[in-house]
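Quick notes on the structure that follows.
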Amino acid sequence: MSRPRRTDFRPKNANIAKKSRISRKRQLPKKPRERRNLEPQRSVSGAQDPFPGPAPVPVEVARKFRRIDKSKKLPHSKSKTRSRLEVAEAEEEEISIKAARSELLLAEEPGFLEGEDGEDTAKIRQADIVEAVDIASAAKHFDLNLRQFGPYRLNYSPTGRHLAFGGRRGHVATLDWVTKRLMCEINVMEAVRDIRFLHSEALLAVAQNRWLHIYDNQGIELHCIRRCDRVTRLEFLPFHFLLATASETGFLTYLDVSVGKIMAALNARAGRLDVMTKNPYNAVIHLGHSNGTVSLWSPAMKEPLAKILCHRGGVRAVAVDSTGTYMATSGLDHQLKIFDLRGTFQPLGARTLPQGAGHLAFSQRGLLAAGMGDVVNIWAGQGKASPPSLEQPYLTHRLSGHVHGLHFCPFEDVLGVGHNGGITSMLVPGAAEPNFDGLESNPYRSQKQRQEWEVKALLEKVPAELICLDPRALAEVDVISLEQEKKERIERLGYDPEAKAPFQPKPKQKGRSSTASLVKRKRKVMDEEHRDKVRQSLEQQPQKQEKKAKPLRARPSALDRFVR
């Protein structure tokens, strides 16, 4: 009788698993097989890309957008700090390359008037410019004949799409000056001294004869601020939501329009204030006074940040360029001067005018416009970061009345002039920045986009206390305070805890290098060092007291009883 066969229930791959268990040889990962014939990647249609990969970016262009200076490194930085800095540098490098690539999309370029050989561009009239440009640009030159209610002050909205103007006899109006669509028109039955748009074209501040009034884009009065009385000039700080007012009583008042609260009321102690402008770079207010000085103010200080002696007579007009580098002033001595605001406050150039300039304005590209009687002169420089040259005017235009207000339109080569006869829109080639940031100032935004932008702007509002001459100082480390705190800490503890490098325990084997055990060993060493420092300080105290003890006299005196 044959024995039954033994049934084997092992899986089929058991022998393979056993071999892998027995084999002690280290298995190295296989290298991917290299392609000998590398062919360029083809698209779905089969066409070959002649320029594979991302487009190369020139180093000079990327350096223009880079903000981190790699040459400056911390001498003794910790490993964690060093790793964070390396990550920040890598992100900055990537962002600068992306910004340099996106610069190719900015197709618009600023253009200037170029005369023929020996031709003076100041002799070119506005009619000649209108005939030479296209129809859309020619429509931006117009005249509003409003002699009945003049003279006029005007202001463009931050996006450059809307225009607001107010006459001395109470006429106030706002319109979309590109399409010539009237938004509102009212008569306040009171003298209008100045007019300003707030953070958007939906709100309008009007300095009337007695008080400050706020209107909406339909001409409805929203607020009457009686604490701001007899206001002569208005300026709005968009990133701080502050409305600065200068009054006849000599007070500079800051009104926070987001909460309706007066942040500061500063007495300039210089009499009537009717010359005021803002510095777009650091939000500092510049006031011109009758003694020939210009004072710089911040709501955080009750005294001026600086005073500059500009003219021998009173100051008639002040203007600051968009970069905050140069300031132009004109005075009763018929002098027009350019000052450097980068800490030196020294004049860079001066020119004597036949008539003193009563109004000044800088464009986004650094052009300077001056209103002298019924004539407007415009001077140009080498570029945006260079001061305008006062030797030869770039453009000249004569009006039908005396100039009462000047303002360059943002993102448009247009200069708005308010005078006795109404409003004149001049064409000034090369005055504005041709490319705008759609997330910051979008002339074509809808009402929904404007509402969303207002919410984001309110969340990112800069506190008024941060306004100073040099905004870059806010990001610097206060070394003096740190050294004082370190000295006080050493005096309080009796030793310098940062004098010696912290103890780093060595890792141990057999599972004794857990995080908890390492922390315990560190704490134990720190406690021992602390005990040694305290013991040494206690031993040194009696020696110091013995040194301070007064030596005994040879003969006692009767006055020793009064010595404590």
Side-chain angles (χ1 to χ4, degrees), residues 20-32 62-63 65-99 300 459-463 465-468 470-549:
S20 62
R21 241 187 343 261
I22 295 173
S23 177
R24 298 294 181 181
K25 188 176 180 180
R26 185 179 179 183
Q27 300 292 333
L28 298 175
K30 294 183 179 180
K31 295 183 179 181
R63 189 183 295 113
F65 296 95
R66 192 175 296 135
R67 297 182 180 180
I68 295 180
D69 190 4
K70 293 185 177 181
S71 61
K72 297 181 180 180
K73 294 185 179 181
L74 295 178
H76 303 290
S77 58
K78 299 181 181 179
S79 58
K80 190 174 182 179
T81 307
R82 194 182 302 110
S83 62
R84 289 181 178 178
L85 291 176
E86 291 176 356
V87 171
E89 289 180 358
E91 292 179 354
E92 178 69 18
E93 185 73 21
E94 183 179 358
I95 291 172
S96 63
I97 292 175
K98 288 183 179 179
L459 293 175
E460 297 173 356
K461 185 178 75 168
V462 181
E465 294 79 11
L466 299 182
I467 297 178
C468 57
D470 189 6
R472 296 173 297 179
L474 300 174
E476 296 180 355
V477 179
D478 191 358
V479 181
I480 299 176
S481 300
L482 285 178
E483 292 179 353
Q484 183 68 21
E485 292 178 1
K486 183 179 179 181
K487 191 178 297 183
E488 293 176 356
R489 185 184 180 189
I490 293 174
E491 293 177 356
R492 185 174 62 255
L493 296 177
Y495 68 98
D496 187 4
E498 300 178 359
K500 188 179 179 181
F503 172 71
Q504 294 293 339
K506 295 182 179 180
K508 294 184 178 182
Q509 302 297 330
K510 297 182 181 181
R512 289 184 294 174
S513 293
S514 62
T515 305
S517 62
L518 292 176
V519 171
K520 288 181 180 179
R521 289 162 60 190
K522 283 184 180 180
R523 190 173 299 171
K524 183 177 179 181
V525 173
M526 289 175 62
D527 292 343
E528 292 178 356
E529 293 179 354
H530 182 64
R531 291 193 193 96
D532 295 340
K533 296 290 184 181
V534 173
R535 193 179 297 109
Q536 293 178 4
S537 62
L538 292 176
E539 292 176 355
Q540 293 175 359
Q541 284 182 0
Q543 298 177 1
K544 293 180 180 179
Q545 292 178 0
E546 291 178 359
K547 291 181 180 179
K548 291 182 180 180

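The analysis underlying the following values was restricted to heavy atoms, covering all of them including side chains, and did not include hydrogens, waters or symmetry mates. Remember, predicted model here, so these are calculated numbers, not experimental data.
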Take atom NZ of K461 as the centre, draw a 6.0 Å sphere, and report whether it contains more than 12 heavy atoms from other residues, nucleotides or ligands. yes
Give me the atom names and distance for the closest heavy-atom approach of S96 to A62. CB-O, 3.7 Å
According to side chain to side chain contact (heavy atoms under 4.5 Å, CB included), who are the partners of R523, at least two apart in sequence or on a separate chain? V519, D527
Please say which of H530, Q536, R535 ends up in a side chain to side chain donor-acceptor pair (under 3.5 Å) with D532. R535
K486: which residues meet the salt bridge (charged side-chain N to carboxylate O under 4.0 Å, His left out) condition with it, sequence neighbours left out? none
Shortest non-hydrogen contact from L474 toward L466: CD1-O, 3.7 Å
Under the criterion salt bridge (Lys or Arg N to Asp or Glu O under 4.0 Å), I'd like the reasoning laid out for K487 against E483: C-alpha separation, chi angles, the key distance, then a yes or no. CA-CA 6 Å; K487 191 178 297 183; E483 292 179 353; over 6 Å; no
Run the salt bridge (charged side-chain N to carboxylate O under 4.0 Å, His left out) test against R492 and tell me which residues pass, sequence neighbours left out. none
Partners passing side chain to side chain contact (heavy atoms under 4.5 Å, CB included) against E528 (at least two apart in sequence or in another chain): K524, R531
Tell me every residue that passes side chain to side chain contact (heavy atoms under 4.5 Å, CB included) with L538, counting only those two or more places apart in sequence or in another chain. V534, Q541
For I95, all residues meeting side chain to side chain contact (heavy atoms under 4.5 Å, CB included), sequence neighbours excluded: none
